[in-house]
2 protein chains.
Amino acid sequence: MSLVRRAVAGDGCGRVVVVTSGGTTVPLEKNTVRFIDNFSSGLRGAAATEYFLESGCSVVLFSRDSAIHPFVRHLHTGPLNCSLLDRIEAHGTPDADKQTVCLRPASDSFHRALDLYKRTRDRFVQINFQSVTEYLFGLQMLSEVCEPLGAGAAFFLAAAVSDYFIPPQQMSEHKIDSRSGEGLDLHLSQVPKLLGMIRDKAPKAFIVGFKLETDLSLLKPKACRSLAKYNLDMVIGNELHTRRDKVVFFLPQEREITITRTGEVELERSIVERFNELHAAKIETEAQ
Amino acid sequence: MSLVRRAVAGDGCGRVVVVTSGGTTVPLEKNTVRFIDNFSSGLRGAAATEYFLESGCSVVLFSRDSAIHPFVRHLHTGPLNCSLLDRIEAHGTPDADKQTVCLRPASDSFHRALDLYKRTRDRFVQINFQSVTEYLFGLQMLSEVCEPLGAGAAFFLAAAVSDYFIPPQQMSEHKIDSRSGEGLDLHLSQVPKLLGMIRDKAPKAFIVGFKLETDLSLLKPKACRSLAKYNLDMVIGNELHTRRDKVVFFLPQEREITITRTGEVELERSIVERFNELHAAKIETEAQ
């Protein structure tokens, strides 16, 4: 956690945002061959990290190891496959000291991202998780580290956390055998709800959860229930198929703010701008 | 499949190897948020692809979209995160026509891989899958395309294919609700065994399956049962924790060949060498 303290110390504007990103895995065996995963590319967390850094905050990115990474995402769109190699030229002989490889053309967005990264890397720390257990323990520790910051700390909880898992004592030691010819029955238990624990450990922090649904009619009631139950500052609701174009901020007292994508600007830029305004308002209220 | 035909046509040595790589997903909902995944980085398939190309074969790589990619894997080890950016310098202004980014130092292995890629890309095709259903359909099509090649076609089936899935008619339409407070019961059905279908569609091909176990005592009996049941030419057995250092080739008539890693040479180089010898022997036998 010393890296986190470094990022916190390097902060200019007094605000530290913990961004969680990507899906958690649920191992089905102790010697893990099979696991349940949650769909999440990590794009929202990666993009938001860049905009938070640009706005002057420190960012602790707690992300799935395989999630899309901030900055690097501009180097190459799509899977990192051989189409990247068609754009690469090698310079220098294999034995030369100063061999380099050059990528062309590099996009404008990558040049801007590289510049942003080099300007802000002292305020940026990344920590990885894979399983839901690692996520639960890691986020509790981050909450404790952020507690002294009071309302200066914010949580942007964009990770897709599994609702169910197999407790270690019920887990098969080895790869589940498929010989029997019959199907497989799995019983999963509910994952302890983490949002309440974060609120307990960092009572003054600005805590923002996310709710993803595929059935739009469930989004508002579920977001509002989560908001009240865990005493959150906000829940950002998104529907699976429109999540790149529109989100709704659900706030206490039934306030709602709808944020839609305009033109070529990423939705995350607008999300972070409004998030920062609401976070600043909370800091001001707490200071009074 | 025209791409596959191109690779087949570009072949110099008369041998085409279909390499499958990475794990398959099993969606739990039609609007997929959750899925079961199989642990497989795809490293074995990616490395083998390079050695097959180097040995003169054509390769059709049928791999999970997120699996490790041949060639590209030498650009950067570990997750593609910001540590890559610390090695990148930008040249040219953001508005210049000829902007490039340079990566230094580039490793010797990346220079060699880039050279191999540029020499062999006419013999190399990559097709991606994600779900076990896509894998099953795709591999059946590849078997049909390869049938006219007779014993010249080989299958190196390194993908980690799920044994269980939820048939579409039993799948929930929307994200499974986690409100109830109780656990989740899942019933999975067995995936139709594909190996027999490949043998039916490409009766003369050299077909090699893989068996991964975490319990070593199960490896040999399960590999031998698979060999006989699906009329395979070979099953390559590996144990989860030692799979980078040792594999065992299980062949008909209880022949076994153990291949171990020596020094810095990747195990896949030796696997491909012995695989090619056995494949060549089959071509010779069929020609008589």
Practice item. Enter the distance from B:Leu186:CG to A:Leu188:CG here, rounded to the nearest 0.5 Å. Key: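 These two atoms lie 5.5 Å from each other.
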Practice item. First locate atom OG1 of B:Thr214, then atom CD of A:Glu29, and finally report the distance between them rounded to the nearest 0.5 Å. Key: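 Result: 7.0 Å between the selected atoms.
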Check your understanding: Quick one: are B:Ile36 and A:Leu28 in side-chain contact, heavy atoms under 4.5 Å?
Key ->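 Yes; the side chains approach each other to less than 4.5 Å.
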Review point. Would you say A:Leu184 and B:His187 make side-chain contact, with heavy atoms under 4.5 Å?
Key: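 No, side chains not in contact.
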Exercise for review: Tell me, yes or no, whether the heavy-atom count around B:Lys229 atom NZ, taken from other residues, nucleotides or ligands under 6.0 Å, exceeds 12.
Suggested key: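 Atom NZ in B:Lys229 is not packed in, count stays at 12 or less.
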Exercise for review: Give a yes or no on this: more than 12 heavy atoms of other residues, nucleotides or ligands lie within 6.0 Å of atom NZ of B:Lys246.
Suggested key: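 For B:Lys246, atom NZ is not crowded (no more than 12 foreign heavy atoms under 6.0 Å).
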Review point. Under a 4.5 Å heavy-atom cutoff, which of B:Ile68, B:Thr25, B:Asp185 has the most pairs with chain A?
Key: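 Highest number of pairs under 4.5 Å: B:Asp185.
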